[in-house]
Asks: 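Below you will find the structure I want to go over with you.
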Amino acid sequence: MVEKLKRGNKIHIFVCVNQREDTSKSFCSKHISQEQYSELKMWNRTNHFPKVLLTKTGCLGVCNPGGGVVAVYPSGNFYKGIENIDEIKKIIEDELKDIK
Ligand code: FES
């Protein structure tokens with residue numbers, strides 16, 4: 001049975017950590033590795049969980065040779081060109097300002 005859940009005043013960040021066998025193509029784990037994602041998850045757990053949920057994901061369809069990609073809901077904002085997790089932390093802090 002499908003159940004609808006109201007999540008209320010929270011944000012959900014999807015962090016692309018996709019990897020491709022063909023390393024000549026763009027993919028996000030060149031910029032944001034699984035290890036960096038784990039570090040970000042620990043930071044979030046300490047600072048913003050459960051208000052902010054983080055999920056690692058595959059390709060979000062906006063691959064960028066200049067950096068990683070994250071998607072944020074409910075804002076629907078996508079960010080590309082991310083070079084390190086400090087930039088994702090800043091995105092989280094900025095997105096939180098919009099829902100407070
Ligand atoms: S590989 Fe990350 S958006 Fe495509």
Side-chain angles (χ1 to χ4, degrees):
M1 178 181 194
V2 176
E3 186 178 352
K4 184 176 184 178
L5 302 172
K6 283 265 189 198
R7 297 203 46 248
N9 202 19
K10 296 183 180 184
I11 64 175
H12 198 161
I13 315 273
F14 294 89
V15 181
C16 179
V17 292
N18 191 41
Q19 188 166 10
R20 298 190 197 284
E21 286 185 21
D22 182 354
T23 56
S24 68
K25 294 185 176 179
S26 295
F27 57 89
C28 290
S29 67
K30 283 182 177 176
H31 310 281
I32 305 296
S33 67
Q34 296 276 348
E35 292 75 23
Q36 289 170 308
Y37 172 78
S38 296
E39 185 183 331
L40 180 66
K41 188 116 177 158
M42 290 303 295
W43 173 84
N44 187 62
R45 223 174 257 157
T46 303
N47 292 283
H48 297 302
F49 184 82
K51 188 142 189 117
V52 176
L53 300 177
L54 282 178
T55 301
K56 63 183 175 184
T57 185
C59 183
L60 291 163
V62 288
C63 316
N64 185 310
V69 174
V70 303
V72 182
Y73 290 93
S75 71
N77 294 328
F78 279 59
Y79 298 86
K80 63 181 186 177
I82 298 166
E83 296 178 349
N84 57 63
I85 61 171
D86 287 339
E87 292 178 336
I88 300 176
K89 292 175 184 176
K90 172 83 168 63
I91 289 167
I92 291 170
E93 301 288 354
D94 288 348
E95 290 278 343
L96 279 169
K97 288 177 195 164
D98 291 340
I99 65 164
K100 285 181 180 173

Asks: Could you tell me if Tyr73 and Glu95 have a donor-acceptor pair between their side chains, going purely by distance under 3.5 Å?
Replies: no

Asks: For the atom pair CD (Glu39) and CD1 (Ile32), what is the distance rounded to the nearest 0.5 Å?
Replies: 10.0 Å

Asks: CD1/Ile13 to CG/Asn44 distance, rounded to the nearest 0.5 angstrom?
Replies: 8.0 Å

Asks: Look up atom CZ in Arg20 and atom SG in Cys63, then write down how far apart they are to the nearest 0.5 Å.
Replies: 4.5 Å

Asks: Can a side-chain donor-acceptor contact be found between His48 and Glu93 if the only test is distance below 3.5 angstrom?
Replies: yes

Asks: Under a single-linkage definition using a 4.5 Å side-chain heavy-atom cutoff for Ile, Leu, Val, Met, Phe, Trp and Tyr, are Leu96 and Leu53 assigned to the same hydrophobic cluster?
Replies: no

Asks: Can you tell me how far the CD atom of Glu21 sits from the CZ atom of Phe27, to the nearest 0.5 Å?
Replies: 10.5 Å

Asks: Checking salt bridge (Lys or Arg N to Asp or Glu O under 4.0 Å) for the pair Asp86/Lys90: CA distance, chi angles, key distance, verdict?
Replies: CA-CA 6 Å; Asp86 287 339; Lys90 172 83 168 63; over 6 Å; no

Asks: Rounded to the nearest 0.5 Å, what's the gap from CD1 on Ile85 to OH on Tyr37? Could you check?
Replies: 11.5 Å

Asks: Check for a donor-acceptor pair, side chain of Lys80 on one end and backbone N or O of Gly66 on the other, with a separation under 3.5 Å.
Replies: no

Asks: Answer whether the closest heavy-atom distance between the side chains of Ile11 and Lys51 falls below 4.5 Å.
Replies: no

Asks: Return the OG to NE2 distance between Ser75 and His12, rounded to the nearest 0.5 Å.
Replies: 12.5 Å

Asks: Quick one: does Ile82's side chain get under 4.5 Å of Ile91's, heavy atoms only?
Replies: yes

Asks: Provide the closest heavy-atom pair for Val62 versus Phe78 in the form atom of the first, atom of the second, distance.
Replies: CG2-CD2, 3.9 Å

Asks: When you group the ILVMFWY residues by side-chain heavy-atom contacts below 4.5 Å and let the links chain together, are Ile92 and Leu60 in the same group?
Replies: no

Asks: Taking the side chain as every heavy atom from C-beta outward, state whether Val70 and Phe14 have any atom pair closer than 4.5 Å.
Replies: no

